[in-house]
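Notes follow the structure.
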Amino acid sequence: MLYYLFDFLDKHYNLPGAGVFQFISFRAAMAVITSLIIAQLFGARLIRVLQMKQVGESIRDLGLEGQMAKKGTPTMGGLIILLAILVPVLLFAKLDNIYIVLMLLSTVWLGLIGFLDDYIKVFQKNKEGLSGRFKVLGQIGLGITVGWVLFFSKDVTVRQYLLPNGQLSAVDASTVYQDVKLMITTIPFAKNNELNYGNLFAYAGPFFNGLYSFLYIPIVILIITAVSNGANITDGLDGLAAGTSAIIGVTLAILAFVSGNALLADYLDIMFIPNSGELVIFCTAFVGACIGFLWYNSYPAQVFMGDTGSLAIGGIIAVLALIIRKELLIPVLCGVFLIENLSVMVQVGWFKYTKRKYGEGRRLLRMSPLHHHYQKLGYHESKIVSRFWIVGIMLAIFTLVTLKLR
């Protein structure tokens, strides 16, 4: 909104300083500052309201050190994150940008699903919360919407450069180019690192050439569901999900900036995605929201984000990666989420297998997800969180290195 206001003032009244709103770097800086301020001001008030309404977390005794001391801690703190993201983006981003519209939709969509889950748990005293199938249906619905827009919208394009031999390339900058509708993504560690989803059906004959949307949209659904559930599972220790997500958000902001800047994309020899630079503003607001939330969520937590926050931040990360064509980097960038997810799957799978084979279920970990395993080993909660953050930083650096490591 402020972007349009100052753009009008600059063009019609030549207001000194109004032109600075044309720069993504300035608006991104303003977004993160605004996000931090909102999280600080709104967070304290929300916690007081939740405490007055006795919106506390119900704790199931799992025998973990310090676990029962958290009983009654306010939950639904994800509302802080949502507000601290949405307000700065509405103020400083171009709201007619297709990518910003998708990010706002994804944030609100999964935020509402998480809010319904928390509401049922807290106010209706149902510990199960929203039925798992409804959560999955909501994630599938978002996946279909995002996949459909990315696949069919004419506003979603990539820049293709004309090579001397007459072929087109997404990474070889020349003076002749065109912005085309093409579903390609980046393959990490490969020199000619573009995968065209359409080529996956190339050997099936011409009849299948137009059908690869039936492959792409399920991939989008899988990615959104996996990452949002991974963030949800990771949200088990004070500050773990918020801190890890902030690290991922910084990395995505850098990737969005270079992918949306023609000169930097040319220098790094990577795909240029027109209009994607506007996502930097969303990313910085997201990082500011996560860091601002950490003020109240770091050990010992004054508030938990609940599913309202965890489902939303996972979905945000997934959709951001899809938009900037870096979804194949998610296993590296979101490695903490991945290992937490896998630890639960392996634990459950092994328990069921050994129960069928030996008549008694056995466990590989002392407890899943993985962070609870380390708690059972006697590590303090804050030490586990700090070390997971360090792993997250290492994975983020490695993700950025892939820009040139081919």
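For reference, positions follow the sequence shown, starting with 1.
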Taking the six-membered ring for Trp, are F189 and F398 ring centroids under 6.0 Å apart?
-> yes

So, D307 side chain and N232 main chain: donor-acceptor pair closer than 3.5 Å or not?
-> no

Rounded to the nearest 0.5 Å, what's the gap from CZ on F92 to CD1 on I24? Could you check?
-> 14.5 Å

So CG of N14 and NE2 of H12: to nearest 0.5 Å the spacing works out to 12.0 Å

CH2/W389: more than 12 non-hydrogen atoms of other groups inside 6.0 Å | yes

Quick one: salt bridge (Lys or Arg N to Asp or Glu O under 4.0 Å) pairs with a partner in residues 91-119, sequence neighbours left out?
-> D117-K121, D117-K135

Answer whether the closest heavy-atom distance between the side chains of L195 and I184 falls below 4.5 Å.
-> no

Just jot down the side chain to side chain contact (heavy atoms under 4.5 Å, CB included) partners of T225, sequence neighbours excluded, or say none.
-> Q139, I221, N229

Who pairs with K357 by side-chain hydrogen bond (donor to acceptor under 3.5 Å, both in side chains), at least two apart in sequence or on another chain?
-> Y353

Backbone N or O of Q347 within a donor-acceptor pair of the K352 side chain at under 3.5 Å?
-> no

Which pair of heavy atoms, one from P188 and one from T186, lies closest together, and at what distance?
-> CD-O, 3.5 Å

The side chain to side chain contact (heavy atoms under 4.5 Å, CB included) partners of I98 (sequence neighbours excluded) come to V149, S153, D155, V156

Could you tell me whether the side chains of E327 and T185 share a donor-acceptor contact shorter than 3.5 Å?
-> yes

Gap separating the CG atom of L255 from the OG1 atom of T399, nearest 0.5 angstrom = 7.5 Å

Under a 4.5 Å cut-off applied to non-hydrogen side-chain atoms, are V258 and Y267 in contact?
-> no

W109 side-chain N/O to G138 backbone N/O, donor-acceptor pair under 3.5 Å | yes

Pairwise distance CG(L9) to OH(Y4) - rounded to 0.5 angstrom = 15.0 Å

Search all heavy atoms of L110 against all heavy atoms of A312 and return the closest pair with its distance.
-> CB-CA, 3.9 Å

Say whether, by atom type as modelled, one donor and one acceptor occur between the side chain of T34 and the main chain of P88 under 3.5 angstrom.
-> no

In this structure, CD1 of I47 is separated from CE of M76 (nearest 0.5 Å) by 13.5 Å

Does F21 have its ring centroid less than 6.0 Å away from the ring centroid of Y3?
-> no

Partner residues of E340 under the salt bridge (charged side-chain N to carboxylate O under 4.0 Å, His left out) criterion, sequence neighbours left out | none

Side chains of H371 and E381: closer than 4.5 Å at any heavy-atom pair?
-> no

Is there side-chain contact between L182 and T157, with at least one heavy-atom pair below 4.5 Å?
-> no

Check whether any side-chain heavy atom of I224 lies under 4.5 Å from a side-chain heavy atom of V319, and answer yes or no.
-> yes

Provide the closest heavy-atom pair for S245 versus C290 in the form atom of the first, atom of the second, distance.
-> CB-SG, 4.0 Å

Can you spot which of N297, L46, I38, L41 makes a side-chain contact (heavy atoms from CB on, under 4.5 Å) with I80?
-> L46

Residue pair R387 / V391, side-chain heavy-atom distance below 4.5 Å | no

Would you mind reporting whether L365 and S343 have side-chain heavy atoms less than 4.5 Å apart?
-> yes

For the pair F388 and Y374, name the ring-plane relationship: parallel under 30°, tilted 30 to 60°, perpendicular over 60°.
-> perpendicular

Below 4.5 Å, heavy atoms only, C-beta onward: do I113 and T308 meet side chain to side chain?
-> no

What distance separates I323 CD1 from S259 OG, expressed to the nearest 0.5 Å?
-> 11.5 Å

Looking only at heavy atoms, which two atoms of D238 and A301 are closest? And how far apart?
-> OD2-N, 3.0 Å

Test side-chain contact (heavy atoms from CB on, under 4.5 Å) on L79 and F115 and set out the steps.
-> CA-CA 8 Å; L79 292 171; F115 178 80; 4.1 Å; yes

Smallest separation among heavy atoms of L333 and A396, with atom names | CD1-CA, 4.2 Å

Can you see which heavy atom on F351 is nearest to which on T354, and at what distance?
-> O-OG1, 3.1 Å

Just jot down the salt bridge (charged side-chain N to carboxylate O under 4.0 Å, His left out) partners of R325, sequence neighbours excluded, or say none.
-> none

